[in-house]
Structures are given as C-alpha cells and as structure tokens.
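Report on one structure; see the data block that follows.
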Amino acid sequence: APAPSAGPIVLMISFDGFRWDYPELHGAPALLALAHDGVRAKSLVPSFPSKTFPNHHTLVTGLRPEHHGIVANTMWDPEWKARFSLADRTAVEDGRWWGGEPIWVTAERRGLVTASSFWPGSEAAIGEGDGVRPTFWGHYDDTVPDEKRVDEVLGWLDLPAEKRPRLITLYFAEPDGGGHAHGPNSPEAGAAVAHVDGMLARLRAGVAARSLENAVDWIVVSDHGMSATDPERTIVLADLVDLSGVAIDDLSVFGLLRPRPGSEDALVRALEGAHPHLHVARKSAMPERLHYRAHRRIPEVVIWADAGWTIYATAAARANALADFARGNHGYAPAERDMHGIFIAA
Ligand code: AMP
Ligand code: ZN
Ligand code: ZN
C-alpha cells in the first residue's frame with residue numbers, strides 16, 4: 001500500500017549507554033519532562049551482547065543479533081573469511097553485513113522520506129538489490145558536535161512538506177564515553193547525562209519554535225547500560241587455559257573464541273568452573289535466555305563474565321590496560337540490571 005504523504009514525524013533518538021536509572025541518579029530534566037508527557041518503561045532490556053552495534057540494529061529491525069547478523073562490534077564471518085569492526089569504515093558501510101530490514105528501509109520502499117544522523121547502519125545500503133539508505137545520511141564523524149547534529153535535524157524539519165523526513169533517527173555517543181572513562185556513578189558520567197539531556201531540550205525547543213509539537217512522535221532509547229569495573233575484578237584467560245590455536249574474534253566482558261576444529265569441547269571443559277565469575281558455553285549449548293546461537297558469525301565457543309568483571313587474553317594485555325583502566329563497561333548478559341537502558345516515548 002502506498003504511504004500517506006502527510007502524517008506524524010517519528011523522531012527516534014538514542015543516547016549511547018544511558019543506563020535505566022541515570023535520570024534519578026544524575027538528573028535529566030528534559031528526559032523526565034518528556035516521560036511526563038508520555039510513557040516511560042521501567043527499563044529497556046538489551047539483547048546479548050549488550051554492545052552498541054548489535055543493539056542499535058536490534059532496535060530498528062526488531063531482530064535479535066543472532067538473526068540480524070551484527071552479533072558483536074567486532075566479529076568474524078567464516079564464510080567470507082572477513083572481519084567486521086566498528087572502526088573499519090569499509091566494513092561498517094558494507095550493507096552485506098547488516099541483515100534484517102531497518103525500519104527506514106521499509107519506510108523508503110513505501111515512498112516515505114527518512115533521515116538519519118549517525119544511527120549505526122545508516123551508512124550502509126541495506127536490503128536486496130542495491131540496498132537502501134535513508135534519503136539523508138552521513139559518514140560517521142565523531143567530531144561533529146552534538147549541537148550541530150540537533151540543528152541538522154531541525155533543518156530537516158524546515159524542509160517543504162514533500163521533502164521533510166517522516167522518520168528521523170538520531171544517535172549520540174554520550175553518556176557511553178563518560179561512563180566508560182570514569183564509571184557510571186562518576187561526576188563525569190553525570191556531566192555527560194546532563195549534556196545529552198540538554199540536546200533533547202534543544203530539540204524540543206526547536207520543534208516547539210516550529211509549532212510542530214503535535215506533529216512529532218518522540219522515542220528516546222538507549223542501547224544498553226553501564227557497570228562499574230575496576231582493576232581488582234579481572235580475568236586473564238591465559239592463566240586458566242592454553243590459548244594456542246584459539247582465535248579470539250572479540251574479547252572485553254564477553255568473548256568470541258574460535259578454537260582449532262576438534263578442540264572445542266576441550267576448551268569448554270577447561271574453562272568450565274575455572275573462574276567463579278566466568279561463564280562458558282559451546283555455541284550449540286548456549287543458554288536459551290541469551291538467544292545467541294543461530295548465526296554463523298557466532299563462533300563455536302562463547303564466554304561471558306558477571307557484571308563488573310573484565311576479561312583479558314593475557315597478563316600482558318591486562319597490564320597494558322592498567323595505565324588507563326576503563327571504570328565502566330557493558331556487554332554483559334541482559335539479566336544484569338546494570339545493562340538495562342531507557343525507553344521513553346511521547
Ligand atoms: P561500544 O564499544 O559498544 O561502547 O561502542 C560505542 C562507540 O561506538 C562510541 O564511542 C561511538 O563513537 C562508536 N560508534 C557509534 N557509531 C559508529 C559508527 N557508525 N561508526 C564507527 N563507530 C561508531
Ligand atoms: Zn553503546
Ligand atoms: Zn560503550
């Protein structure tokens with residue numbers, strides 16, 4: 001069916017790493033005002049792993065990572081023998097990695113204009129054939145000030161009705177950065193929360209100035225929360241098992257391990273019970289609740305730590321990290337309350 005040309009404008013905003021309890025912990029007046037005018041979920045339960053790319057793609061496709069294929073920020077495709085990482089521009093902008101159908105692709109195919117300010121995946125043409133991007137999009141540039149991102153969105157709202165986007169997705173990298181560097185309870189995380197809350201206030205003021213309050217549907221989400229981490233809670237894999245012949249596709253607070261074919265069960269057995277805060281499973285035996293089995297990019301052995309714990313491959317890697325130890329992290333199982341994000345709509 002053709003999409004109607006007039007109708008509401010959906011503005012979907014993500015604050016990376018905005019934990020469910022930050023409004024009460026740090027204060028977020030603009031966010032609470034929006035919740036007051038609409039609805040606020042107690043928390044948003046992320047998908048496993050509670051990382052940025054997997055969860056942003058889940059939010060716009062309705063699929064868990066095991067079905068949309070962005071199974072981590074860093075992953076290996078055994079069929080293509082190719083690596084994906086968030087820092088690899090070519091991979092990030094290659095639509096073949098991104099399975100499922102982002103809602104902007106559905107909307108564009110129905111004839112709606114959509115726009116994205118840096119939502120993960122919006123830089124790639126996704127879908128069958130040549131794939132589809134939002135009508136308005138940009139190459140990710142973390143140096144673009146957040147004020148400019150807001151003003152770009154307001155500029156889209158100033159376009160004549162037939163060119164004005166009906167769906168806008170907007171991404172902010174904070175308060176994830178402040179939470180990693182100083183921990184979720186730190187004044188710095190609080191400042192990052194205040195900063196993004198100010199961006200929401202700026203957007204709402206801009207929408208009001210254009211008399212568009214009644215035309216805009218607001219959805220504010222985050223991709224995951226944040227746990228406090230410290231150098232005393234670390235796990236060094238090489239102290240527990242022999243890692244020779246084990247390819248490590250990703251490792252932080254969870255790990256994607258590819259042992260030599262035939263040695264998978266031995267690795268799982270060696271890691272089972274090896275550390276009280278470390279969990280391990282063969283791909284085929286992953287706990288149902290993690291929904292992390294189906295995709296070929298999930299390797300044969302998956303490990304994950306309890307909230308607050310950080311995993312390193314070697315003592316040297318741990319020593320390297322100590323100089324500038326991240327005081328907050330995420331990626332843990334969705335059942336960990338610290339991993340919950342926000343969902344507010346009005
Ligand atoms: P994480 O490692 O899960 O905490 O990822 C958060 C980081 O992802 C932030 O520091 C962002 O700068 C980065 N990021 C977000 N979107 C993109 C993108 N499109 N391309 C590259 N990096 C991104
Ligand atoms: Zn994130
Ligand atoms: Zn992060």
Side-chain angles (χ1 to χ4, degrees), residues 12-20 22 44-60 65 70-75 83-95 97-98 102 104 115-126 133-134 137-146 149 169-184 186 188-189 192-193 195-196 220-229 249-256 304 307-308 310-311 321 324-332 334 336 338-343:
M12 183 163 171
I13 304 160
S14 163
F15 296 144
D16 198 316
F18 199 112
R19 201 169 74 184
W20 67 280
Y22 276 180
L44 171 147
V45 184
S47 291
F48 182 79
S50 46
K51 289 284 185 189
T52 298
F53 270 35
N55 275 282
H56 275 87
H57 205 43
T58 286
L59 283 161
V60 295
I70 303 294
V71 302
N73 286 342
T74 304
M75 57 192 176
R83 178 172 305 287
F84 176 100
S85 96
L86 171 162
D88 179 346
R89 299 276 75 223
T90 312
V92 167
E93 299 193 1
D94 180 350
W97 286 96
W98 302 82
W104 61 75
S116 184
S117 172
F118 299 149
W119 195 279
S122 62
E123 307 160 90
I126 300 174
R133 286 190 179 91
W137 64 280
H139 299 280
Y140 186 66
D141 177 359
D142 62 6
T143 68
V144 176
D146 290 338
R149 303 184 194 191
T169 52
L170 169 58
Y171 169 82
F172 294 103
E174 291 294 346
D176 185 70
H180 278 300
H182 303 280
S186 65
E188 290 84 354
V193 167
H195 165 74
V196 294
V220 183
V221 296
S222 59
D223 49 351
H224 51 73
M226 189 68 68
S227 262
T229 47
D249 295 341
D250 194 12
L251 187 65
S252 54
V253 307
F254 74 100
L256 304 181
W304 63 101
T310 310
I311 313 170
D324 190 20
F325 196 86
R327 292 292 166 160
N329 216 343
H330 55 90
Y332 304 104
E336 305 273 12
D338 280 357
M339 292 301 98
H340 291 199
I342 51 167
F343 187 105

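Atoms within each ligand, like the ligands themselves, are counted from 1 in listed order.
There is no protein heavy atom closer than 4.0 angstrom to atom 10 (O) of ligand 1.
In terms of modelled atom types and a separation under 3.5 Å, the side chain of Asp223 and the main chain of His56 share no donor-acceptor contact. Remark: the backbone N or O of Val92 is not paired with any side-chain donor or acceptor of Glu123 at under 3.5 angstrom. At distances below 3.5 Å, not a single donor-acceptor pair connects side-chain atoms of Tyr171 with backbone N or O atoms of Asp16. Checking side-chain atoms of Asp88 against main-chain N and O of Phe84 turns up no donor-acceptor pair under 3.5 Å. With Glu188 contributing its side chain and His182 its backbone, the two residues share no donor-acceptor pair below 3.5 Å. A donor-acceptor pair under 3.5 Å is absent between the side-chain atoms of His224 and the main chain of Pro46, judged by distance alone.
Note that the CD1 atom of Ile13 and the CZ atom of Phe18 stand 12.0 Å from one another [nearest 0.5 Å]. Separating the CG atom in Asn329 from the NE2 atom in His180 is a distance of 5.5 Å, to the nearest 0.5 Å. We find the OH-CG distance between Tyr332 and Asp338 to be 9.0 Å, quoted to the nearest 0.5 Å. Going from atom CG of Asp250 over to atom OG1 of Thr74 covers 4.5 Å, rounded to the nearest 0.5 Å.
The protein non-hydrogen atom at the shortest distance from atom 6 (C) of ligand 1 is Thr52 OG1, 3.3 Å. Given atom 12 (O) of ligand 1, the protein heavy atom at minimum distance is Tyr140 OH, 2.8 Å. When hydrogens are left out, the protein atom nearest atom 21 (C) of ligand 1 is Leu86 O, 3.1 Å; that is the closest non-hydrogen contact. Of all protein heavy atoms, the one lying nearest to atom 15 (C) of ligand 1 is Tyr171 OH, 3.3 Å.
Proximity of His56 to ligand 1 is not established, as no heavy-atom distance is less than 4.0 Å. Residue contact annotation: Phe53 has a non-hydrogen atom under 4.0 Å from ligand 1.
Here's the thing with Asn73: one of its N/O atoms is less than 3.5 angstrom from an N/O atom of ligand 1. Annotation: Glu123 places an N or O atom under 3.5 Å from an N or O atom of ligand 1; distance criterion only. Polar contact check, His330 against ligand 1: a nitrogen or oxygen pair lies under 3.5 Å apart.
Near Asp176, the atoms of ligand 1 lying under 4.0 angstrom from a non-hydrogen atom of the residue are 4 (O), 6 (C).
The Zn ion (ligand 2) sits nearest to atom OD2 when only the N, O or S atoms of Asp223 are considered. Among heteroatoms of the N, O or S kind in Asp16, OD1 lies nearest the Zn ion (ligand 2). If you look at His330 and ask which of its N, O or S atoms sits nearest the Zn ion (ligand 3), the answer is NE2.
With 2.8 Å as the limit, Asp176 does not count as an N, O or S neighbour of the Zn ion (ligand 2). One of the N, O or S atoms belonging to His180 lies under 2.8 Å away from the Zn ion (ligand 3). Here His56 does not reach the Zn ion (ligand 2): none of its N/O/S atoms is less than 2.8 Å from the metal. The Zn ion (ligand 2) lies under 2.8 Å from an N, O or S atom belonging to Thr52.
Under 4.0 Å from ligand 1, the heavy atoms of Arg89 that appear belong solely to its side chain. Contacts between Phe118 and ligand 1, counted as non-hydrogen atom pairs separated by less than 4.0 Å, are absent for every part of the residue.
When all heavy atoms of Val60 and Trp119 are compared, the pair lying nearest together is CG1-NE1, 3.5 Å.
Between Tyr22 and Phe15, a ring centre-to-centre spacing not shorter than 6.0 Å is recorded.
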